[in-house]
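Take this structure, written in C-alpha cells, and hold onto it; I'll ask about it next.
Each ligand, and each atom within it, is numbered from 1 in the order the structure gives. Note that the numbering runs from 1 along the sequence shown for the chain.
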Amino acid sequence: KILVTGALGQIGSELVTTLRERYGASNIIGSDIRSNQAEMEKGPFEVLDVTNADEMFEIAKKYEVDTIMHLAALLSAKAEAMPKKAWDLNMGGLVNGLEVARELELQFFTPSSIGAFGPLTPKDNTPQDTIQRPTTMYGVNKVAGELLCDYYYHRFGVDTRGVRYPGLISYLTPPGGGTTDYAVEIYYKAIKNKAYTSYIAENTYMDMMYMPDAVNAIIQLMEADSSRLEHRNAFNISAISAAPEDFMYEIQKHIPEFKMSYDVDPIRQKIAESWPNSIDSSAAKKEWDFKVEYDIAKMTKEMLEKITAKELKKCSLE
Ligand code: VAH
C-alpha cells in the first residue's frame, strides 16, 4: 500500500491515477493539504499537512502502508518568493516523511530536480555526480533533501530512492509556481489564442519531460532490484532539452498561425539560467533501465489533442 503526499499536485494527481490502475485503487492513499471530493470518490484520500509529523504517522499506520511517495512541496518560483515557508514545508515535510519511513520500515520516494544544480555545475550533459551549489531556496531544499535521503539510507537502512526531475509537462493538472511552467502554459495558449508570450527568453535551454514518462520512471525505480542501485538520491533523468522556440516550431506543425512573443520575467529567467541546459541520464539507464516514450514531437501532438478535447468537454458542460 502506498501513501502519496501532494496527491492533488502536478505530479501527484497523475501518479495516483496510474498507481490505482497498476496496484488497485484501495492500495493507494492520496493525501494533500486540502480535501477534494472527486479524488475521495476514486479511492482512499486523507487531508494531511506534511509539516505535522504525528498526522503523517497516524495515516501511515491506519492504512498499514509499505511505501511513501512524498511529493508535497513548493516549487522554485514560489519558493523564491517565500523562502522561509519553502524551507519549513520542503524540509519539514521531508524529514517527517523520512522519520515515519524509518519508524515503520517503509520504502520512500521523493523527487529532486535539475534545480539541485547551480551556476558552477557543467551545463551541458550534466553528469550524475558533479558539483551542486544551487543559488535558489528550492535548489538548496533539493540538495539538502538528496543528502538527507541518502543519510536515512546509510544510517538507518531506509530504502530511499529519488530522481532529479526536469521540467514536467502534463495536460491534467497545471504546475503551480515553477520556472518551467511556460512549457505547459504555451499549449493552452496556443489552442485558446494561437499566440503565447513567453516569460523565459529564447535560446534558454532546460530539460523537460512529458508526465507519463515521469510517472513511469517512479514505478520503474521503485520496482528496481535494490542490489543494482549504485546511486539512490537522486538519479538524473531527462527526455527533452528544449528552449521556448523549440516548442513554437513543434506547435506550428499543428497550428501554423501560432505566434510567439517574449516578455522575460527576470526572476524566473535568472533561475532558468542557473540550471543545466541538458543532463546525462546514463546512470538511471544503467542501474534501473530508465527509458522514455515521448520526444517533443510526440508530446506536442498529444498535449494539443488532449487539451483540445478537455476544452471541448468543458464547453459542452457549460
Ligand atoms: C520548477 N517544475 O520549475 C519545477 C521543476 C526543473 C523544474 O523543479 O520549479
| field | CD (E105) with more than 12 external heavy atoms under 6.0 Å | value |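 At most 12 heavy atoms, drawn from other residues, nucleotides or ligands, come within 6.0 Å of this atom.
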| message | Check this for me: does any side-chain nitrogen of one of R22 and E223 sit under 4.0 Å from a carboxylate oxygen of the other? | response |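 Salt bridge present between R22 and E223.
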| said: Taking salt bridge (charged side-chain N to carboxylate O under 4.0 Å, His left out) as the definition, give me every residue that meets it alongside E80, ordered by chain and number, with sequence neighbours left out. | reply: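 Testing E80 for salt bridge (charged side-chain N to carboxylate O under 4.0 Å, His left out), a comparison that skips the adjacent residues, returns none.
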| said: I'd like the residue list for ligand 1, meaning every protein residue with a non-hydrogen atom under 4.0 Å from the ligand. | reply: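 Residues within 4.0 Å of ligand 1: L75, S76, S113, I114, Y138, Y165, P166, G167, G178, T179, T180, W275.
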| Any residue meeting salt bridge (charged side-chain N to carboxylate O under 4.0 Å, His left out) with E99, in chain and number order, not counting sequence neighbours |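 Checked E99 against salt bridge (charged side-chain N to carboxylate O under 4.0 Å, His left out); matches are R102.
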| task | Name all pairs fulfilling the ring pair (Phe, Tyr, Trp, His ring centres under 6.0 Å) condition that reach into residues 242-264, sequence neighbours left out, sorted by first residue then second. | result |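 Output for this query lists Y182-F247.
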| message | Going by side-chain hydrogen bond (donor to acceptor under 3.5 Å, both in side chains), K286 matches just one of H231, Q128, E230. Which one? | response |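 Of the listed options, the one satisfying the test is E230.
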